[in-house]
Participant: 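Let me give you the structure first, and then I'll get to my questions.
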Amino acid sequence: MNGIGKLKSSSSELDLHIEDYLPSGSSVQQERHGKLRLCDLLDISPSLSEAARAIVDDTFTRCFKSNPPEPWNWNVYLFPLWCCGVVVRYLILFPIRILVLALGWIIFLSAFIPVHSLLKGNDDLRKKIERCLVEMMCSFFVASWTGVVKYHGPRPSIRPKQVFVANHTSMIDFIILEQMTAFAVIMQKHPGWVGLLQSTILESVGCIWFNRTEAKDREIVARKLRDHVLGANNNPLLIFPEGTCVNNHYSVMFKKGAFELGCTICPVAIKYNKIFVDAFWNSRKQSFTTHLLQLMTSWAVVCDVWYLEPQNLKPGETPIEFAER
């Protein structure tokens, strides 16, 4: 009934001209000779009431909504402290974090370019060094947010026929996981500077890209996934089977693609603490550059990462049932 109450209050000025469609002896027509409002329609129709409640309390839509914290700087005592915090974050911490990130890029590029160019004849050594460099660069990214990340469980190892699946809140999920282990991730192809990184640096760790607008990409990506998981020396494969960013309060149904490979599935759970910043990236409302600036001007990014028990397909279980489990 709380949902119906919200709906009534938000639609109190919405009038529907439906009196002509009611029976001539209707009690509603006898009691009201003016316009019939939406709340009256809901009162006389239980089915519409249930439908309205479903719309108001749509939990699937909630999965993609940002939930900002309650404001705390509303009185004369706290507002000056909040202003001091803004000065510290934007004028002190932010320039330092820019320097840290710039230093990371200088070190990374000065080592990555020679290694990538001069060691093409020795693929094993080149991949090993590039893997370490990518992990180092991701650590610089996390440091630029003052990231406080706690990892639980054994660190992933390089083994054939295993796939890591994780919930997805932002593109920084990949960076947080990558600083510990150089995963090969499957990800949508992005434009701009992110796309440039994808096509140059991240391809060195075996990442696989797809384009949602290309109908043939699904078959190509599926073949690349099968080839990758069979390679003994390939980096562990990381997939975000939700297929989109979710606001870290919920988890939506996993797509079955990762569970059709006949591999061991290693679940990873990422939980962000919103005490300092909301790490959810709504790609429809802000670019990734804006999202990074939001993180770099916050106090810190706090999160926990759990490496959970590996799972295998049970006898008689379908890939869809495996994904649901």
Participant: So does R126 pair up with E130, basic N to acidic O under 4.0 Å?
Facilitator: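 Yes, R126 and E130 are salt-bridged.
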Participant: Under the rule for salt bridge (Lys or Arg N to Asp or Glu O under 4.0 Å), what residues qualify as partners of E324, not counting sequence neighbours?
Facilitator: none
Participant: Under 3.5 Å, sequence neighbours excluded: what are the donor-acceptor pairs made by side chains of residues 90-102?
Facilitator:
unit_1	atom_1	unit_2	atom_2	d
R97	NE	T146	OG1	3.1
R97	NH1	M296	O	2.6
R97	NH1	S298	O	2.5
R97	NH2	T146	OG1	2.6
R97	NH2	S298	O	3.1
R97	NH2	W299	O	2.8

Participant: Can you tell me how far apart CD (Q179) and CZ (F174) are? Round to the nearest 0.5 Å.
Facilitator: 11.5 Å
Participant: Take F280 and V246, measure what side-chain contact (heavy atoms from CB on, under 4.5 Å) needs, and give me the verdict at the end.
Facilitator: CA-CA 7 Å; F280 171 54; V246 184; 5.6 Å; no
Participant: When you compare the side chain of L177 with that of Y307, does any pair of heavy atoms fall below 4.5 Å?
Facilitator: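 Side chain of Y307 against side chain of L177, heavy atoms only: contact under 4.5 Å found.
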Participant: What is the ring orientation for W281 with H291, classed by angle as parallel under 30°, tilted 30 to 60°, or perpendicular over 60°?
Facilitator: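 Ring orientation, 0 to 90° scale: parallel.
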Participant: Any chance CG of L109 has more than 12 other-residue heavy atoms, nucleotides or ligands included, within less than 6.0 Å?
Facilitator: yes
Participant: Rounded to the nearest 0.5 Å, what separates atom NZ in K128 from atom CG in L133?
Facilitator: 12.5 Å
Participant: Treating T297 as the side-chain partner and Q294 as the backbone partner, does any N or O pair qualify as donor plus acceptor under 3.5 Å?
Facilitator: yes
Participant: If Ile, Leu, Val, Met, Phe, Trp and Tyr residues are connected whenever their side-chain heavy atoms lie under 4.5 Å apart, and connections chain through other members, are F108 and M180 in the same group?
Facilitator: yes
Participant: How far apart are the C-alpha atoms of L261 and R226, what are their side-chain angles, what is the distance that settles it, and do they pass the side-chain contact (heavy atoms from CB on, under 4.5 Å) test?
Facilitator: CA-CA 6 Å; L261 300 174; R226 292 187 178 91; 3.8 Å; yes
Participant: Over all heavy atoms of both residues, which pair between C303 and I176 is shortest? Give the atoms and the distance, please.
Facilitator: SG-CD1, 3.8 Å
Participant: Measure from the side-chain N and O atoms of E242 to the backbone N and O of H168, and report whether any donor-acceptor pair falls under 3.5 Å.
Facilitator: yes
Participant: Between V163 and I239, is a side-chain contact (heavy atoms from CB on, under 4.5 Å) present by the stated rule, with each step listed?
Facilitator: CA-CA 7 Å; V163 175; I239 298 177; 3.8 Å; yes
Participant: Could you tell me the separation between the CZ atom of F322 and the CG atom of L313, rounded to the nearest 0.5 Å?
Facilitator: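 Separation between the atoms: 6.0 Å.
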Participant: Measure the spacing between CG of N235 and OG1 of T181 and express it to the nearest 0.5 Å.
Facilitator: 9.5 Å
Participant: Do V148 and I275 sit in the same hydrophobic cluster, where Ile, Leu, Val, Met, Phe, Trp and Tyr count as joined when their side-chain heavy atoms come under 4.5 Å apart?
Facilitator: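 V148 clusters together with I275.
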Participant: Taking it one step at a time, do F240 and I186 satisfy side-chain contact (heavy atoms from CB on, under 4.5 Å)?
Facilitator: CA-CA 8 Å; F240 299 105; I186 174 173; over 6 Å; no
Participant: Verify the cluster assignment for V165 and I320: are they in a single hydrophobic cluster under the rule of side-chain heavy atoms below 4.5 Å apart?
Facilitator: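 No, V165 does not connect to I320 through the hydrophobic network.
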Participant: With no hydrogens and no angle check, is any side-chain donor or acceptor of R131 less than 3.5 Å from a backbone partner on A182?
Facilitator: no
Participant: Is there a side-chain contact between Y151 and D304, using heavy atoms and a 4.5 Å cut-off?
Facilitator: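 Heavy-atom side-chain distance check fails, nothing below 4.5 Å.
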Participant: Closer than 4.0 angstrom, basic N to acidic O: yes or no for K314 and E321?
Facilitator: no
Participant: If we only count heavy atoms from C-beta on, is the L237 to L225 side-chain gap below 4.5 Å?
Facilitator: yes
Participant: Any donor and acceptor pair, going by atom type alone, linking the side chain of Q286 with main-chain N or O of R284 inside 3.5 Å?
Facilitator: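 Checking the backbone N and O of R284 against the side chain of Q286, no donor-acceptor pair under 3.5 Å is found.
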Participant: Would you say W306 ends up clustered with V302 if hydrophobic residues are merged whenever their side chains have heavy atoms under 4.5 Å apart, either directly or through other cluster members?
Facilitator: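 V302 does not cluster with W306.
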Participant: Checking H228 side chain against C207 main chain: does a donor-acceptor pair fall under 3.5 Å?
Facilitator: no
Participant: How long is the gap from OG on S287 to CG on L293, to the nearest 0.5 Å?
Facilitator: 8.0 Å
Participant: To check you understand the geometry: which heavy-atom pair defines the closest contact between K161 and G262, and what is its length?
Facilitator: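 Heavy-atom minimum between the residues: CE-O, 3.8 Å.
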Participant: Enumerate donor-acceptor pairs with a distance under 3.5 Å from any side-chain N or O in residues 264-272 to protein atoms, sequence neighbours excluded.
Facilitator:
unit_1	atom_1	unit_2	atom_2	d
T264	OG1	N312	OD1	2.8
K271	NZ	N248	O	2.9
Y272	OH	D173	OD1	2.4

Participant: Verify whether the ring centers belonging to F183 and F164 lie closer than 6.0 Å.
Facilitator: yes
Participant: Going by the angle between their ring planes, with limits at 30° and 60°, are F141 and W105 parallel, tilted or perpendicular?
Facilitator: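 Rings of F141 and W105: perpendicular, over 60°.
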Participant: Got more than 12 heavy atoms from elsewhere within 6.0 Å of CZ, R155?
Facilitator: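 Atom CZ in R155 is crowded, with more than 12 foreign heavy atoms closer than 6.0 Å.
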Participant: Measuring from R89:CZ to W82:CH2, what's the distance to the nearest 0.5 Å?
Facilitator: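 Here the interatomic distance stands at 7.5 Å.
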Participant: Could you state whether F254 and L308 fall into the same hydrophobic cluster, counting links through intermediate Ile, Leu, Val, Met, Phe, Trp or Tyr residues with side-chain heavy atoms under 4.5 angstrom apart?
Facilitator: no
